[in-house]
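Since we're looking at a predicted model, the values are computed, not measured. Just so you know, these numbers use all the heavy atoms, side chains as well, and skip hydrogens, waters and symmetry mates. Start at 1 and go down the list; that is how both ligands and their atoms are numbered. When a residue number appears, it is its place in the shown sequence, counting from 1.
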Amino acid sequence: MEKKDDVQLKKIISHAKEYGFIFPSSEIYDGLGAVYDYGQNGVELKNNIKSYWWKAMVQMHENIVGIDAAIFMHPTTWKASGHVDAFIDPLIDNKDSKKRYRADTLVEDHIAKIEAKVSKEVSKAAKRFGDDFDEEKFKSTHPRVKQYLEKINGINERLKNTIESGNLSDLKDLITELGIADPISGSKNWTDVRQFNLMFNTQLGSLDEGADKIYLRPETAQGIFVNFLNIQKSGRMKIPFGIAQIGKVFRNEIIARQFIFRMKEFEQMEMQFFVKPGEELEWYEKWKEKRMRWHLALGIPKEKYRFHDHLNLAHYANAAADIEFDFPMGFKELEGIHSRTDFDLKAHEKYSGKKLQFFDPQENKSYIPYVVETSIGLDRMFLALLTSTYYEETLEDGSRRVVLSLPPAMAPYKVAVLPLVRKDGLPEKAREIMHNLKFEFNCQYDEKDAIGRRYRRQDAIGTPYCVTIDHQTLSDGKVTIRDRDSMEQQRVPVENVKETLRKSVSVVNLLRKL
Ligand code: ATP
């Protein structure tokens with residue numbers, strides 16, 4: 001039997017296709033694995049997420065500016081950043097199920113299972129002891145919990161060592177020793193672990209002339225690092241300051257399942273914040289908190305989010321955390337917040353021979369700033385919104401509706417303008433109202449089918465309001481506004497519609513909460 005969560009994800013995938021949000025790429029040729037196209041409603045939702053992020057990061061911060069760097073970069077960029085040598089996934093195949101996995105992820109999932117046992121013990125004890133409960137003391141004294149925690153630390157330590165040393169046979173041994181089974185087939189019949197570089201490459205110039213290998217960027221961050229001085233100088237930026245960017249990136253993900261969660265071509269929204277060395281951990285905490293506030297302002301229940309602090313830090317980081325989201329397939333990374341030290345700028349100084357330093361007038365000296373970055377996948381955010389707002393319900397009259405209860409500011413259309421019937425001057429009146437609204441709000445006009453069916457169509461794409469024009473409108477100048485979530489209807493004078501919409505659909509409402 002299929003798991004409930006798989007069924008839920010499948011429903012969302014087919015809803016996304018049926019209602020013009022997401023289509024498989026080049027579908028008439030049977031599609032291309034892990035590549036997707038955004039349709040007419042998808043692109044609107046995506047643009048709204050981008051705009052909310054951009055405004056929150058750039059417009060709301062005097063010391064953050066944006067850029068749009070090219071996808072192609074000088075190949076040495078990727079040597080300096082470490083991607084040529086180390087942007088590698090350790091992969092392992094299950095011989096029975098023929099499924100491929102990331103070996104480190106299998107171990108991390110195993111750790112997560114033990115962590116869940118610890119959380120269970122902790123919440124049981126918290127209930128038992130009430131106000132007197134001291135979690136830290138409990139964890140350091142309860143024999144079973146202590147054992148679990150020691151086990152977690154031991155596995156983490158080994159995982160870290162195998163990754164850092166690149167010792168793949170040790171990683172395979174760890175999987176065998178922990179008795180990790182294929183989550184699908186339950187088989188423990190594994191191949192050896194192999195390394196696989198995730199960068200796509202192509203050639204610059206014609207092959208006859210001896211073309212240069214050039215990469216498609218796997219992250220937007222490097223476009224920011226190499227422009228650090230250009231922006232600092234031309235914008236007269238003073239530390240601390242940030243550079244933000246939204247753009248396409250490419251990764252040759254081998255294990256690409258789960259719809260738009262893991263794609264080969266996707267978009268990132270990244271911000272690199274340059275700080276004085278020594279102040280990075282303070283800023284790291286600030287950005288963790290600020291980014292969580294951005295998410296919660298959308299009104300998605302806070303239980304859907306959690307932080308996951310990294311114990312295994314990348315060699316260039318001195319702190320890192322993920323904001324995880326409760327997707328149908330469980331809590332998974334949605335955004336990363338990393339304290340990257342001066343690793344990148346230092347590496348680019350070394351490889352380019354150009355100084356990438358900031359002259360601090362207060363200190364009267366130059367230094368390479370430290371960097372705290374926030375990096376969110378736009379497509380994963382899209383999926384988070386889809387999966388957490390999609391629901392089906394049976395109404396009192398027995399009919400069913402499917403709703404996307406999207407935050408109004410994110411909804412593709414803010415309002416649908418619907419003449420009750422297609423005659424008696426109602427369409428003309430409706431067009432007049434629509435013309436008046438469309439300069440400020442993305443509106444949809446619909447006069448086809450019975451009004452109930454038109455409401456259902458708008459519910460399914462998440463339109464927060466429908467404005468209905470009926471015969472009475474012609475005499476009293478009032479329209480009916482229907483609310484997507486409560487389905488309540490209210491009669492208001494036409495001239496009040498804008499104000500009613502503004503109050504709830506504007507992104508300003510979200511920005512004010514930050
Ligand atoms: P993962 O561990 O899931 O592969 P990552 O740690 O490699 O992700 P980062 O390099 O930190 O991810 O990228 C920043 C963000 O980009 C992630 O938090 C995620 O939202 C998004 N992202 C990464 N890989 C993909 C992908 N293949 N498809 C869609 N979004 C992605």
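Met263 N, 2.8 Å is the protein heavy atom nearest to atom 28 (N) of ligand 1. In terms of protein heavy-atom proximity, atom 7 (O) of ligand 1 is closest to Arg251 NH1, 3.1 Å. Nearest protein heavy-atom contact of atom 13 (O) of ligand 1 is Gln268 NE2, 3.2 Å. Atom 29 (C) of ligand 1 has its closest protein heavy atom at Phe261 O, 3.2 Å. The protein non-hydrogen atom at the shortest distance from atom 2 (O) of ligand 1 is Glu333 OE1, 3.6 Å. Of the protein's non-hydrogen atoms, the one nearest atom 4 (O) of ligand 1 is Arg262 NH1, 2.8 Å. In terms of protein heavy atoms, atom 19 (C) of ligand 1 is closest to Arg380 NH1, 3.4 Å. At the shortest separation from atom 24 (N) of ligand 1 among protein heavy atoms lies Phe266 CZ, 3.3 Å.
Summarising the local packing, CD of Glu392 is surrounded by more than 12 heavy atoms from other residues, nucleotides or ligands at distances under 6.0 Å. Dense packing is recorded around OH of Tyr391, with more than 12 heavy atoms of other residues, nucleotides or ligands lying under 6.0 Å away.
Heavy-atom proximity to Arg102, at under 4.0 Å, picks out these atoms of ligand 1: 4 (O). Annotation for ligand 1: atoms under 4.0 Å from non-hydrogen atoms of Gly377 are 15 (C), 16 (O), 19 (C), 20 (O), 21 (C). Atom numbering of ligand 1 starts at 1 in the shown order; those under 4.0 Å from a heavy atom of Glu253 are 24 (N), 26 (C), 27 (N). Atoms of ligand 1 found under 4.0 Å from any heavy atom of Ser375 (numbered from 1 in listed order, with element): 13 (O), 14 (C), 15 (C), 18 (O).
For an aromatic pair to be called close, the ring centres must be under 6.0 Å apart, and Phe250 with Tyr215 fails this. For Tyr36 and Phe259, the ring centers sit closer than 6.0 Å to each other. Ring centers of Phe274 and Tyr370: at least 6.0 Å apart, outside the cut-off.
Within the 3.5 Å criterion, the main-chain N or O of Asn230 finds no donor-acceptor partner in the side chain of Asn227. A donor-acceptor distance shorter than 3.5 angstrom exists from the side chain of Asn48 to the backbone of Ala411, with no hydrogens or angles considered.
For the salt bridge (Lys or Arg N to Asp or Glu O under 4.0 Å) with Arg291, the lone residue among Glu285, Glu373, Glu335 that qualifies is Glu335. A salt bridge (Lys or Arg N to Asp or Glu O under 4.0 Å) with Asp93 holds for exactly one of Arg194, Lys172, Arg102; it is Arg194.
Contact annotation for Glu335 and ligand 1: only backbone heavy atoms (N, CA, C, O) come within less than 4.0 Å of the ligand. In Met269, neither the side chain nor the backbone holds a heavy atom less than 4.0 Å from any atom of ligand 1. At a heavy-atom cutoff of 4.0 Å, ligand 1 is contacted by no atom of Asp322, backbone or side chain.
Taking the six-membered ring where the residue is Trp, Phe327 and Phe261 present perpendicular rings, their angle passing 60° and hence far from 30°.
Polar contact check, Leu334 against ligand 1: a nitrogen or oxygen pair lies under 3.5 Å apart. Of the polar atoms of Ile376, none of the N or O atoms is found under 3.5 Å from an N or O of ligand 1, judged by distance alone.
The closest side-chain donor-acceptor pair between Asp360 and Tyr367 falls under 3.5 angstrom.
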